[in-house]
Asker: 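The following block contains the structure, expressed as structure tokens.
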2 protein chains.
Amino acid sequence: MNNAKGSAVTIRDVARESGFSVTTVSIVLNDAPLARYIPPQTKRCIEKAARDLGYRPNQLARYLRSKKSQTVGVMVFDITDPFCTPILRGIENSLYQASYLPVLADAHNERSRFERYLEMLLERRVEGLIVVANWLLVDINLLADLEKRSIPTVVIGGEIQTESINSVAVDNETGARLILDYLYSLGHRKIAFLRGPKRLSSSGKRWTGVRAFAHSMGLRLDPKLVLHLPDSLDPNSSFEAGYELTEELLNRRRAFTALVAYDDMTALGALRALAKARVRVPAQCSVVGFDDVAPAALSLPSLTTIRQPMETMGSAAVSIFVDSIKASLQKREFAAVHRKVAPELVVRESTGAPS
Amino acid sequence: MNNAKGSAVTIRDVARESGFSVTTVSIVLNDAPLARYIPPQTKRCIEKAARDLGYRPNQLARYLRSKKSQTVGVMVFDITDPFCTPILRGIENSLYQASYLPVLADAHNERSRFERYLEMLLERRVEGLIVVANWLLVDINLLADLEKRSIPTVVIGGEIQTESINSVAVDNETGARLILDYLYSLGHRKIAFLRGPKRLSSSGKRWTGVRAFAHSMGLRLDPKLVLHLPDSLDPNSSFEAGYELTEELLNRRRAFTALVAYDDMTALGALRALAKARVRVPAQCSVVGFDDVAPAALSLPSLTTIRQPMETMGSAAVSIFVDSIKASLQKREFAAVHRKVAPELVVRESTGAPS
DNA sequence: TCCCGAAGTTCGATTTAAATG
DNA sequence: GCATTTAAATCGAACTTCGGG
């Protein structure tokens with residue numbers, strides 16, 4: 001409650017207080033081009049009045065003329081997923097630099113929620129949309145949904161190839177190759193795999209990388225040592241699934257010296273199953289994950305994994321968005337960017353030479 | 001690009017298309033009181049026009065008259081902290097039910113960033129403010145900052161007692177007592193403590209709970225077995241600190257059968273130090289954390305801890321906010337709410353009877 | 001013409017008051 | 001007075017145009 005009317009201070013209040021017109025106040029406070037004609041004394045007077053009244057320009061009213069809401073929608077598929085948080089941090093940080101504010105939407109992996117949120121964000125006139133498709137469902141129809149909208153959109157985490165939607169993703173194939181190369185050079189030959197859900201594109205890409213490496217080295221991949229995670233939506237389930245699939249693997253009584261899991265949560269589940277079966281890691285079995293999610297560094301033994309530069313990916317998405325805005329401001333065409341970022345091997349305690 | 005001008009469809013476009021005035025269109029689409037006088041046929045006609053054009057009401061323009069931005073600022077001290085995410089989920093979920101959208105701000109534990117974000121949120125006319133003070137610094141001045149603003153504010157995670165700011169927090173004292181009661185009943189008498197940073201209020205409360213229980217049971221607390229975490233801002237550092245303090249504790253060569261850590265990250269660090277020193281958990285030493293953060297369930301052994309109902313706390317904050325909005329709508333007074341939620345003991349693998 | 005400042009219009013919606021039959 | 005519809009004012013800021021010294 002800052003003035004007599006009990007509502008917020010407006011530019012009119014500042015005008016009245018300073019004795020100048022709203023126009024002059026607006027020009028001064030925004031340091032508009034015309035401000036150079038205004039004598040310093042007038043400026044000081046107006047600035048003082050604004051300060052005294054605690055004037056805070058109303059960005060929503062400003063939007064009406066400028067059409068710039070200085071806001072972007074950030075749609076996450078599940079904020080509870082540890083994969084999401086570092087990406088969010090990257091997005092937030094870069095947005096902050098650019099004076100944008102993120103409006104957060106969490107789809108809970110539900111299509112209907114995704115659509116409702118999309119509508120809400122559009123009604124709020126976000127200038128862009130960043131979708132963190134961490135887990136499942138870079139669903140073909142959702143993308144179609146997005147393409148129809150005329151605002152710049154960046155998808156993080158899915159290697160997509162549409163013409164109008166930008167994307168940022170790790171190079172999954174290279175990541176997988178990095179793992180195999182490392183294990184192979186340690187001397188591992190009998191390697192088990194907990195592959196990702198079939199519906200996930202990253203799952204396929206990683207497997208391609210595995211096969212490419214195996215082929216080039218003449219390494220045989222034993223089909224009996226390859227299992228698939230179920231097509232589930234819940235990120236927590238991948239820990240459970242990792243545990244259960246590893247038990248199943250152990251029951252097959254087929255020797256392996258290393259286990260490559262689809263992601264870190266799966267690997268953590270595997271670690272637990274191995275501990276229960278009294279298989280020592282890495283002495284008797286090496287374990288590798290993928291993502292380098294926070295808990296990977298905390299486990300005992302800590303997890304060797306492939307790091308996705310998540311924070312960087314978030315920043316990259318924002319910088320694509322910013323470029324796209326700049327282009328449309330200058331009425332330039334802006335071709336969709338598909339940025340692939342490099343994965344990195346992080347060696348920790350869960351891997352070693354086979355005994 | 002939805003119409004000839006290349007800009008968004010407005011209510012005027014719908015008016016033109018349907019042949020009615022903007023007033024009528026507005027009344028129909030909002031189902032305003034006057035809508036009962038409008039014949040169904042007119043309604044249908046207008047709704048069809050709106051659909052055909054793909055009309056999406058501009059919430060920002062709407063705000064100008066209604067003063068309702070349908071938006072709340074969510075200020076987090078560090079989104080990277082695993083304590084934050086479940087709270088965010090709770091906030092998001094309840095806000096969604098109420099058709100509000102969260103605008104996210106991450107202070108990175110920096111005061112200047114907090115202030116800048118606060119300013120940005122206020123300029124965007126958020127209707128309320130929810131502050132997740134997960135880690136440090138329910139700083140006296142920050143609160144003063146908040147009190148000056150005239151919008152409803154809820155702080156989660158700090159037990160504060162101001163008159164104008166609402167709060168939601170676990171009952172830390174009870175939580176600590178729960179731990180002691182449990183360990184004592186298992187037979188533990190020599191218990192070591194890794195206390196929280198001195199500046200944190202929760203740290204003091206928990207210690208009060210510990211002492212109260214010890215006193216009531218005639219249990220002696222050995223000062224040589226009590227260490228303090230440093231006053232650091234980085235949540236990751238609590239893992240490091242837990243590791244280092246435990247090593248120091250071990251070096252003191254003073255026997256203890258259980259270790260109570262300030263929070264889960266500290267406990268996880270302790271687990272690692274104990275493993276390195278070949279102290280078996282729980283056989284030789286039980287370990288208890290606090291919070292029940294996601295990694296606590298994933299570790300080996302999994303961590304016994306005190307659960308803060310984080311998602312519930314997020315929801316509670318939103319419901320306080322909603323009540324406060326309702327009250328001001330009806331011009332009722334709304335006294336600050338200080339809600340204390342009950343902690344819960346979660347027994348996992350890291351605790352057992354002393355041998 | 002150059003400075004300085006103000007009046008008036010605009011953005012997209014809601015709402016009040018009023019005009020029809 | 002009633003049912004139906006609408007013109008005009010309004011919200012807060014920015015921008016265009018105009019006038020006086």
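To find a chain, count down the sequence lines: A is the first, B the second, and so on, and within it residues start at 1.
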Asker: If only atom types and distance count, is the side chain of A:Ser18 paired as donor or acceptor with the main-chain N or O of A:Ala15 below 3.5 Å?
Answerer: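 A pair under 3.5 Å: yes.
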
Asker: Of A:Ala61 and B:Gly19, whose nearest nucleotide on DNA chain D comes first from the 5' end?
Answerer: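 Of the two residues, B:Gly19 wins.
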
Asker: Distance check needed: D:dT4 P versus B:Ile38 CD1, whole Å only.
Answerer: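 Atom-to-atom, B:Ile38 to D:dT4, this comes out as 9 Å.
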
Asker: Just to be sure I understand the rule, does B:Tyr63 reach a base, reach only the sugar-phosphate, or reach nothing, if contact means heavy atoms closer than 4.0 Å?
Answerer: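 Nothing, no nucleic acid heavy atom in range.
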
Asker: Applying salt bridge (Lys or Arg N to Asp or Glu O under 4.0 Å) to A:Arg111 and A:Glu115, what does each step give before you reach the verdict?
Answerer: CA-CA 6 Å; A:Arg111 177 188 196 82; A:Glu115 280 162 356; 3.2 Å; yes

Asker: Which whole-number value in Å describes the distance from B:Phe20 CZ to D:dT4 C1'?
Answerer: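 Nearest whole value for this atom pair: 10 Å.
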
Asker: Among B:Val74, B:Val154, B:Leu118, B:Ile165, which residue meets the side chain to side chain contact (heavy atoms under 4.5 Å, CB included) test with B:Leu129?
Answerer: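 So the option named by the test is B:Leu118.
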
Asker: With respect to the side chain of B:Pro39, which nucleotide from D:dA13, C:dC4, D:dT4 is positioned closest?
Answerer: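 Ranking D:dA13, C:dC4, D:dT4 by closest atom to the B:Pro39 side chain puts D:dT4 first.
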
Asker: Counting just side-chain N and O atoms, does A:Lys67 come under 4.0 Å of either OP1 or OP2 of C:dG12?
Answerer: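 Answer yes for this pair, as a side-chain N or O of A:Lys67 is under 4.0 Å from OP1 or OP2.
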
Asker: Would you say A:Lys67 has more than 12 foreign heavy atoms packed within less than 6.0 Å of its NZ?
Answerer: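 Atom NZ in A:Lys67 is crowded, with more than 12 foreign heavy atoms closer than 6.0 Å.
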
Asker: Report yes if a side-chain nitrogen or oxygen of A:Tyr55 is closer than 4.0 Å to either non-bridging phosphate oxygen (OP1 or OP2) of D:dA13; otherwise report no.
Answerer: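 Checking A:Tyr55 against D:dA13: at least one side-chain N or O falls below 4.0 Å of OP1 or OP2.
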
Asker: Taking only side-chain N and O atoms of B:Asn30, does any of them lie within less than 4.0 angstrom of OP1 or OP2 on C:dT14?
Answerer: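 For B:Asn30, the contact criterion (side-chain N or O under 4.0 Å from OP1 or OP2 of C:dT14) is met.
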
Asker: Between the base of D:dA14 and the side chain of A:Thr23, is there any donor-acceptor pair under 3.5 Å?
Answerer: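 No.
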
Asker: Rounded to the nearest angstrom, tell me the gap between atom CD in B:Gln59 and atom P in C:dT14.
Answerer: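 That distance rounds to 9 Å.
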
Asker: Compare side-chain N and O positions of A:Arg62 against OP1 and OP2 of D:dA14 and report whether any pair is under 4.0 Å apart.
Answerer: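 Yes, such a contact exists.
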
Asker: Could you say whether A:Val22 or B:Thr42 is positioned toward the 5' end of DNA chain D, judged by the nucleotide with the nearest heavy atom to each?
Answerer: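 Counting from the 5' end, the first nearest nucleotide belongs to B:Thr42.
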
Asker: Nearest whole Å is fine: how far is D:dA13 P from A:Leu29 CG?
Answerer: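 Distance, rounded to whole Å: 10 Å.
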
Asker: Return the value, rounded to whole Å, for the distance between atom CD1 of A:Ile46 and atom C1' of C:dC4.
Answerer: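 Distance, rounded to whole Å: 11 Å.
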
Asker: Verify whether one side chain among A:Glu17 and A:Tyr55 offers a donor that lies under 3.5 Å from an acceptor in the other.
Answerer: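 No.
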
Asker: Salt bridge check: are A:Asp106 and A:Arg113 linked by an N-O gap of less than 4.0 Å?
Answerer: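 No salt bridge links A:Asp106 with A:Arg113.
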
Asker: Quick check: on DNA chain C, is the nucleotide nearest B:Leu64 upstream (toward 5') of the one nearest B:Leu34, or the reverse? Name the residue that is more 5'.
Answerer: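 Closest to the 5' end, via its nearest nucleotide, is B:Leu64.
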
Asker: Tell me the interatomic distance from B:Tyr37, atom OH, to D:dG1, atom C1', rounded to whole angstroms.
Answerer: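 Rounded to whole Å, this separation is 11 Å.
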
Asker: With DNA chain C as reference, determine whether A:Arg125 or A:Thr24 sits nearer its 5' end, using the nearest nucleotide of each.
Answerer: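 Its nearest nucleotide being more 5', the pick is A:Thr24.
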
Asker: To the nearest Å, how far apart are B:Ile27 CD1 and C:dA17 C1'?
Answerer: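 After rounding, the reported distance stands at 12 Å.
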
Asker: Determine whether a donor-acceptor pair (one donor, one acceptor, N or O, separation below 3.5 Å) exists between the side chain of A:Arg65 and the base of D:dA14.
Answerer: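 Per atom types, the contact qualifies.
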
Asker: Ignoring backbone atoms, establish whether B:Thr10 has a side-chain N or O less than 4.0 Å from OP1 or OP2 of C:dG12.
Answerer: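 So the side chain of B:Thr10 is outside the cut-off, no N or O lying under 4.0 Å from OP1 or OP2 of C:dG12.
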
Asker: Return the value, rounded to whole Å, for the distance between atom CD of A:Gln70 and atom P of D:dA14.
Answerer: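 One finds 12 Å between P of D:dA14 and CD of A:Gln70, rounded.
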
